[in-house]
Amino acid sequence: MKKKKVQGNGWTDKVYYVTRFGTILGLMMMFFPAANPGYVCNLINKNLSLFTTAISYDSLTTQAMRPLDKGWVDKSSFIMLMVAAAIVCLGILLGAVAGCMSVGNLKLKRISNWFGLAGSVVMGGGMVIMYKAYEKFGGSSRPDKVYNILPNGMYIFTALAVVLVVANIVIILFQPRPEKGEQCEIKTPMKLFLMFVPIIAFVFVFSYLPLWGWRYAFFDYKAGETLTMDKFVGFKWFTFLFQNEATRGDIMRVLKNTLIMSGLGIATSWVPMAFAIFLTEIRCGWFRRIVQTFTTIPNFISWVLVYAIAFAIFSTEGFVNNFLTDITGTAHTTNYLLGESGTWFKMLAWGMWKGTGWSAIIYISGISGIDQQLYEAATVDGAGRFQKMWHITVPGLIPTFCVLLLMSVANILSNGMDQYLVFENAKNAVDIEVLDLYVYKIGIGKGLVPLSTVVGMVKTLVSVTLLFLANGVSKAIRGESIM
Amino acid sequence: MAKTKQEKLDLKAEKQYYKTHKKKQKLTVGDVIFNILNYAFFGIFTISCIFPFYYLFINTISDNSLVRIGAINFIPKGIHFQNYLSLLNAGEILDAFLVSASRTVIGTALMVVVSALAGYLMTKQEMWHRKIWYRFLVITMYFNAGLVPTYLNFLMLGLTENYLVYIIPAIVQPYNIILVKTYIESIPAELEESAFIDGASHMKIFRNIIWPLSKPILATIAIFGAVGHWNSFMDSILYMSGTPELQTLQHRLYIYLNQTTSLANIMQGGVSSSQAASAMASVMDAKTIKYTISMVTVIPILAVYPFMQRYFEKGIMLGAVKG
């Protein structure tokens, strides 16, 4: 039977939205533990996604060592589960391939239909095997130890498979035939988009998906548990921050440290500029080169190494003590790293040691961009060295300085934690703890997931607001955006 | 590598600057004092930047018994390289070194290729909804879900205690993609157009035209990416706490710096096969071990730095242009 040719691709194109959306949904659920259809009994880790079920036998059976040893469950049940999960994943991937091909012309679409159908059938088959595995777990010799569970994911994925099969069959039946001799092709905009899809997926998974974790801020959650709606506590943790005496004290102290250290950083942000100005006053070329080369090196070593250097120089057996002992003849054994006082200034000093030479580079190239005629004119007018610096060089560098200053104001809450983590010890712990380090300690160290999420969340929101404010200021003053 | 036009111009401007400033030949007393102070300041600061590395180095190659009593301050005595050999014989350090080195190579290579391709695609106006995707990408630079949500996300994806956590999340770097995009936009469009008219596909244009022409920017992001990978230790601390054999060298160093007692065990564990080596290992005390590991960690950076300085400096300028 030969169908009538129609202009365009007909109404079946709309059905593709069903298959594409269904496939994207399946792809996403593959990575969500809550939707894992493989969670068929209590021996399986709740935090396992379908994808992990399919690829890692070790993670699948971490909680089932004893039952496996005792023979309550059979090893083959797990293998069956794993194979089923792998088949479902394969089906979804075939669907994804079909979805990508379906943005092409009619010829390519018709090929994609068969991929889509195959994928959905494979997925359905996988679900059948998974149901068998479920029954197999049910047939355990110790039902009291091996609770059988029919997970939500089972319904969801089965429904998805059925919908996809039906949609693909509908498309195959009713799609018009392509013209004879048509070549498979995808239009350029779509081709470019398809090439970009993997990057979108990456960004989604690693930058947007973590935002889903912000929901922990509203739950009474302890590490390792599962989230259920009855643990929902609304804004409890937000108010807890301010109502709980101890936490409030901690927050205030940490905030003070953060603001002071960032403030010191901002207050000294003119130093690299001065460094650059005075460095260009040095006439001797090779000396300038050497200074520039060696002072930028510390910027490229990690904070751990900076600490290693601090250790070598300032610890009990370090250079300073050795040197003083040699000179004075009496033994010096002060551990300067364990000092209680001046922690903020020490941290500032290390920060400047590490960063000044590097930050100066931008100003050095700024100086060579200043119009030389200005200096010549000033010399003719009898301006001295410092007058030239102050009235020509500094104004020439101020725009750059302002941008960097605004950026550092926007980042006032994020001074990183590497430096403070490595330099922390029992003596300076009170003064060194900044916001990032505090979040790390309560979140990872103490396992207070909701509280640390709340702090992180507020920090992010404040930072973004500050950034927009800084940007607004920049636009108002310079007419240029810093973003 | 030949210097680009821009660099030549920069150099010219710099020379011009010093030429005009040299005109004034007469030095007043004030100038002399200023110069002395200026040279002294930069001299001291430079020494403070380089001396710690030198100090670490001479302490690792000097006679261990002299190091122990703190006799090595400026000049190495009794030079030997046994410390390095024993350290590399200790399996733990070698493992950590390999983890760090492999993540640096693999992670950087993938990041560069992906940034180049993504940057190229982002210059294509005709891409389906390009603006939306571009914003989708750029926004991520300004917010951060936070430490714990990120951790839980990696846990959910099965990336914790997994080598891939070093590689995969760092492949797509929006900032680098934007840098590459900006650079590619500065390449004359005619080159690409003529190739397109000759029937070249996008991939072919990317491979044969865009990739070779954008090498300077790719080298720059590669250098920064590699340094970042090599120096990274928070990811190791966060996600590898239970898998010591996959921890990075920086993380190992951090652990050793905070450890005083069981250090000798590492050495004995590593070289127990040979009596002589074991005896040698026992000569190394905690301090020497710490210094030697620090040296092993810093040497790769110091070794590549002189050759890459040009790119490093270019890197900060690119950031400035963007900012």
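Please read all numbers here as calculations on a predicted model, not as lab measurements.
In this structure, the portions of B:Phe136 lying under 4.5 Å from any heavy atom of chain A include both its backbone and its side chain. For A:Met195, the parts lying under 4.5 angstrom from a heavy atom of chain B are both the backbone and the side chain. Both the backbone and the side chain of B:Met127 come within contact range of chain A, with heavy atoms under 4.5 Å apart. Proximity to chain B (any heavy atom under 4.5 Å) is shown, for A:Asn321, by neither the backbone nor the side chain. Using a 4.5 Å cut-off between heavy atoms, B:Ile237 touches chain A through its side chain atoms alone. Looking at A:Thr296, both its backbone and its side chain come within 4.5 Å of chain B, counting heavy atoms on both sides. With a 4.5 angstrom heavy-atom cutoff, A:Thr188 touches chain B only via side-chain atoms. Within the 4.5 angstrom heavy-atom criterion, no atom of B:Ser241 approaches chain A. For A:Leu461, no part lies under 4.5 angstrom from a heavy atom of chain B. Contacts of A:Phe314 with chain B are absent, with no heavy-atom separation under 4.5 Å from either backbone or side chain.
Taking A:Phe31, A:Phe294, A:Phe278 one by one and counting their heavy-atom pairs under 4.5 Å with chain B, the maximum is reached by A:Phe278. If you tally non-hydrogen atom pairs under 4.5 Å between each of A:Phe300, A:Phe202, A:Phe32 and chain B, the highest count goes to A:Phe300. When the candidates B:Tyr305, B:Tyr254, B:Tyr151 are compared by the number of heavy-atom contacts under 4.5 Å with chain A, B:Tyr305 comes out ahead. No other option in A:Ala312, A:Ser207, A:Gly213 has as many heavy-atom pairs under 4.5 Å with chain B as A:Ala312. When each of A:Val205, A:Thr325, A:Ile290 is scored by its heavy-atom pairs under 4.5 Å with chain B, the top score falls to A:Val205. Most heavy-atom pairs under 4.5 Å with chain B: of the set A:Thr293, A:Val422, A:Ile309, A:Val439, this distinction falls to A:Thr293.
One distance of note links CG of B:Leu152 with CG of A:Leu209; it measures 11.0 Å at 0.5 Å rounding. Annotation: the span from B:Ile293 atom CD1 to A:Leu305 atom CG amounts to 11.0 Å, rounded to 0.5 Å. Here A:Gln292 contributes atom CD and B:Thr46 contributes atom OG1; the two are 10.5 Å apart, rounded to the nearest 0.5 Å.
Two rings, from A:Phe468 and B:Tyr142, have their centers 6.0 Å or more apart. Remark: aromatic rings of B:Phe143 and A:Tyr208 are close, center separation under 6.0 Å. For A:Phe275 and B:Phe45, the ring centers are positioned less than 6.0 Å apart. The aromatic ring centroids of B:Phe42 and A:Phe287 lie 6.0 Å or more from each other.
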Subject >> side chain to side chain contact (heavy atoms under 4.5 Å, CB included) evaluation trace for A:Phe196 with B:Met122 >> reply: CA-CA 9 Å; A:Phe196 201 65; B:Met122 278 283 106; 3.3 Å; yes
**OP:** Please lay out, stage by stage, how B:Phe74 and A:Phe319 fare under the test ring pair (Phe, Tyr, Trp, His ring centres under 6.0 Å).
**Re:** CA-CA 10 Å; B:Phe74 299 102; A:Phe319 168 73; 5.6 Å; yes
**OP:** I would like to know whether A:Phe386 and B:Phe34 meet ring pair (Phe, Tyr, Trp, His ring centres under 6.0 Å); could you show each step before the answer?
**Re:** CA-CA 10 Å; A:Phe386 293 103; B:Phe34 174 83; 5.3 Å; yes
**OP:** For A:Tyr440 and B:Leu238, run side chain to side chain contact (heavy atoms under 4.5 Å, CB included): C-alpha distance rounded to whole Å, both residues' side-chain angles, the deciding distance at 0.1 Å, then the answer.
**Re:** CA-CA 9 Å; A:Tyr440 167 73; B:Leu238 283 169; 3.5 Å; yes
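Note on ring orientation: taking the six-membered ring where Trp is involved, the planes of B:Tyr291 and A:Phe311 are perpendicular (angle over 60°, cut-offs 30° and 60°).
The backbone N or O of B:Asn231 lies less than 3.5 Å from no partner atom in the side chain of A:Trp303, so there is not a single donor-acceptor pair. Remark: side-chain polar atoms of B:Lys124 are not paired, donor with acceptor, to backbone N or O of A:Leu192 under 3.5 angstrom. Under a 3.5 Å cut-off, the side chain of B:Trp133 and the backbone N or O of A:Ile200 do not form any donor-acceptor pair.
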